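Working notes, beginning with the structure itself.
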Amino acid sequence: MAEAVVEARGLGRRYGARSVLENIDLDVHAGQVFGVVGPDGAGKSTLLQMLAAILRPSAGTCQVLGRDVRRDPAAVQARVGYMSQGFSLYDRLTVAENLAFAADIRDVTGPDRAVRGPELLRMAGLDRFQHRREGQLSGGMRKKLALCANLMHQPPLLILDEPSLGVDPLSRRELWRILDRARTEGRTIVFATSYMDEADACDRVLLLRDGKPLALGAPQELRRDVAGQVYRLAGPALDRIEAALEKDAGVISFQRRAGREVRAQVRDGSRLAPIEGAVVEAAVPTMEDVFTFASAPPPARPGAASGRAAPPPPVRNDVIVSRGVSVRFGAFKAVDKVTIAVAEGEILGLLGPNGAGKTTLIRILCGLLSPGEGTAEVAGFDVARQSEAVRARIGYMSQRFSLYPDLSARENLTFFARAYGVPRSELHGRIAWASARASLEDAGEGAVRDLSGATRQRLALACAIVHRPRVLFLDEPTSGVDPLSRFRFWRLIAALAADGVGIVVTTHYMEEAAFCDRLGLMMDGRLIALGPLTRLTDELGLVTPDVEAVFLGFIERERTGQGRAA
């Protein structure tokens, strides 16, 4: 076996009395790709900062590239490439200037510098943008530039903190091409991610939750350990299947997939009870399944939100209608003639590369930005002329949640209820309803900052619906949470849709898009595809519904000039 690049034993970190990471044992060997996988708050960033000798361990030992991170941190830092979540770039400098600065601080000079910079920019597809300021780049381009900056001094070890967080599938693929090349050049890579599918690209994986290790091993070994505990169920009445699974004590979790089947995980030693009319087959475990099992004992499943009660009625009652909506910022057209409608009780998944125009379109539909061309109505009100009435009838949940960390859950709910104009006489009832709908039984009376990421996520949803909106906008609502919490959250979304709420959701988790009734794909401000996943699959001539394949297929068709108006 190749030499160990990283050796950690009993590694831990405390902040006062609070332990954020404990009992980490791991070895990373030369040339390996090692993934640290877990939701937000799992301790991933803390672990990587200790491996990069930026943060001193509170317990245990750690050797990186033969040097002790406590006794010789400068030697470790000089030989690793560390990319933080927040980057280390300068937004007022151009792409070329940022790369030159990275070369300066790493003492890369002479022929190496002259050759390496242009080569990295070509590899990342940034050579055409080298005179553009960093602050004007899309999120995916900034990630690639940050990675190039950390490759300038050709470090033997790359430590990357969530390199693909918040970027679209196309940008993720381009990032991984850069990493694959770095690996073929002999570099060792340690990266953190909350995307479970990225674990399959690793030689070995450490699963983390709440600062504690859940599992460690090669992905294929971890999947093998849960073989026989994952099932696919299909039948004409998926609602009945989900209702039966909800009552089965042996079921850990279940999720509807692409509107055609349900996927279920059962506890070790349990068997699925027979369900009338259901075809049951064993399924190949994924890393999401592995994490779900490793997180046992799982939290109690909410009884009131098991899935979609029924599809939208044949006669549409649209709560969102946009007709040829466009908006410009100077010479840049951010949204270009978008026509779209969302019915009561419908979930529309809005997908697209970073910079496609999704956020701008949502701002228009929320009444925060007037369209330069076209018209849009939400809940029956014109977004340009009646924006206040629109905002009173919508709920909005941002990716990073807009909660007040020093207030309790109830205090946050009270604040948002009053801000949305809920009458004082109805406050208690509305807060109780929203809390029950979002399953906030674990919120307690403490400050929000002390709640888990999954509980804060459900609280943010409760705050967005406390005024009983007709339309709900969710901007990457499950970013950074573990699979079990994500599936639970989607059951809450499904229950709201069953109540008749029209929902627009953006996400970079492609498997989540399969939970939506229809998908809208955007690129360069335009709507390039719109419809149910099955129809979009057929339009591209694909054999099976696969959201990522559909996403990439329509983008490729558009880029080659073969696209048609959606």
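Quick caveat: nothing in here was measured; it's all calculated off a predicted structure. Residue indices begin at 1 and follow the sequence shown.
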Nearest 0.5 Å, please: how far is [atom2] in [Y] from [atom1] in [X]?
{"X": "Leu160", "Y": "Gln85", "atom1": "CG", "atom2": "CD", "value": "11.5 Å"}
{"X": "Ile503", "Y": "Ile465", "atom1": "CD1", "atom2": "CD1", "value": "9.0 Å"}
{"X": "Arg223", "Y": "Asp289", "atom1": "CZ", "atom2": "CG", "value": "10.0 Å"}
{"X": "Leu214", "Y": "Phe293", "atom1": "CG", "atom2": "CZ", "value": "14.0 Å"}
{"X": "Leu208", "Y": "Leu47", "atom1": "CG", "atom2": "CG", "value": "6.5 Å"}

Go through Arg209 and Ser295 one step at a time and tell me if the side chain to side chain donor-acceptor pair (under 3.5 Å) criterion holds. CA-CA 8 Å; Arg209 183 172 183 175; Ser295 299; 3.3 Å; yes
Within 45 degrees of the axis of the six-membered ring of [Y] and under 6.0 Å from its centre: does [X] put its NZ or CZ there?
{"X": "Arg172", "Y": "Tyr195", "answer": "yes"}
{"X": "Arg430", "Y": "Phe416", "answer": "no"}
{"X": "Arg418", "Y": "Phe415", "answer": "no"}
{"X": "Arg486", "Y": "Tyr509", "answer": "yes"}

Hey, does the side chain of [X] reach the backbone of [Y] with a donor-acceptor pair shorter than 3.5 angstrom?
{"X": "Thr292", "Y": "Glu288", "value": "yes"}
{"X": "Lys44", "Y": "Pro39", "value": "yes"}
{"X": "Asp318", "Y": "Ile320", "value": "no"}
{"X": "Arg18", "Y": "Arg14", "value": "no"}
{"X": "Arg240", "Y": "Gly277", "value": "no"}
{"X": "Arg267", "Y": "Ala249", "value": "yes"}
{"X": "Ser326", "Y": "Lys337", "value": "yes"}
{"X": "Thr339", "Y": "Gly324", "value": "yes"}
{"X": "Asp210", "Y": "Lys212", "value": "no"}
{"X": "Asp248", "Y": "Ala273", "value": "yes"}

Start with the C-alpha gap between Phe329 and Thr360, add the side-chain angles, then the distance that decides, and say whether side-chain contact (heavy atoms from CB on, under 4.5 Å) holds. CA-CA 11 Å; Phe329 298 106; Thr360 304; 4.1 Å; yes
Is it the case that over 12 heavy atoms from other parts of the model lie below 6.0 angstrom from the CZ atom of Arg271?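 Counting neighbours around CZ of Arg271, 12 or fewer heavy atoms of other residues, nucleotides or ligands fall under 6.0 Å, so no.
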Taking only distance into account, with no hydrogens and no angle test, what donor-acceptor pairs under 3.5 Å do side-chain atoms of residues 365-373 form with protein atoms, sequence neighbours excluded?
none

Looking at side-chain heavy atoms only, is the closest gap between [X] and [Y] below 4.5 Å?
{"X": "Leu361", "Y": "Met522", "answer": "yes"}
{"X": "Leu461", "Y": "Leu472", "answer": "yes"}
{"X": "Leu533", "Y": "Val547", "answer": "yes"}
{"X": "Val230", "Y": "Val284", "answer": "no"}
{"X": "Ser19", "Y": "Arg13", "answer": "no"}
{"X": "Ile347", "Y": "Phe515", "answer": "no"}
{"X": "Ile24", "Y": "Leu206", "answer": "yes"}
{"X": "Leu459", "Y": "Val448", "answer": "yes"}

Test side-chain hydrogen bond (donor to acceptor under 3.5 Å, both in side chains) applied to Asp336 - qualifying residues, sequence neighbours left out: Lys333
Taking only residues two or more places apart in sequence or in another chain, which ones pass side-chain hydrogen bond (donor to acceptor under 3.5 Å, both in side chains) with Asp268? none
Between Ser408 and Glu445, is a side chain to side chain donor-acceptor pair (under 3.5 Å) present by the stated rule, with each step listed? CA-CA 6 Å; Ser408 68; Glu445 298 298 326; 4.8 Å; no
State, without any angle test, whether [X] and [Y] hold a side-chain donor-acceptor pair at a distance under 3.5 Å.
{"X": "Trp490", "Y": "Glu512", "value": "yes"}
{"X": "Asp161", "Y": "Ser84", "value": "no"}
{"X": "Gln457", "Y": "Thr455", "value": "no"}
{"X": "Glu411", "Y": "Thr414", "value": "no"}
{"X": "Thr506", "Y": "Asp475", "value": "yes"}

Do Cys202 and Met287 pass the side-chain contact (heavy atoms from CB on, under 4.5 Å) test, and can you show the C-alpha distance, the side-chain angles, and the key distance before you say yes or no? CA-CA 11 Å; Cys202 304; Met287 287 305 297; over 6 Å; no
Evaluation steps, side chain to side chain donor-acceptor pair (under 3.5 Å), between Gln255 and Gln265: CA-CA 9 Å; Gln255 315 84 40; Gln265 299 90 10; 3.2 Å; yes
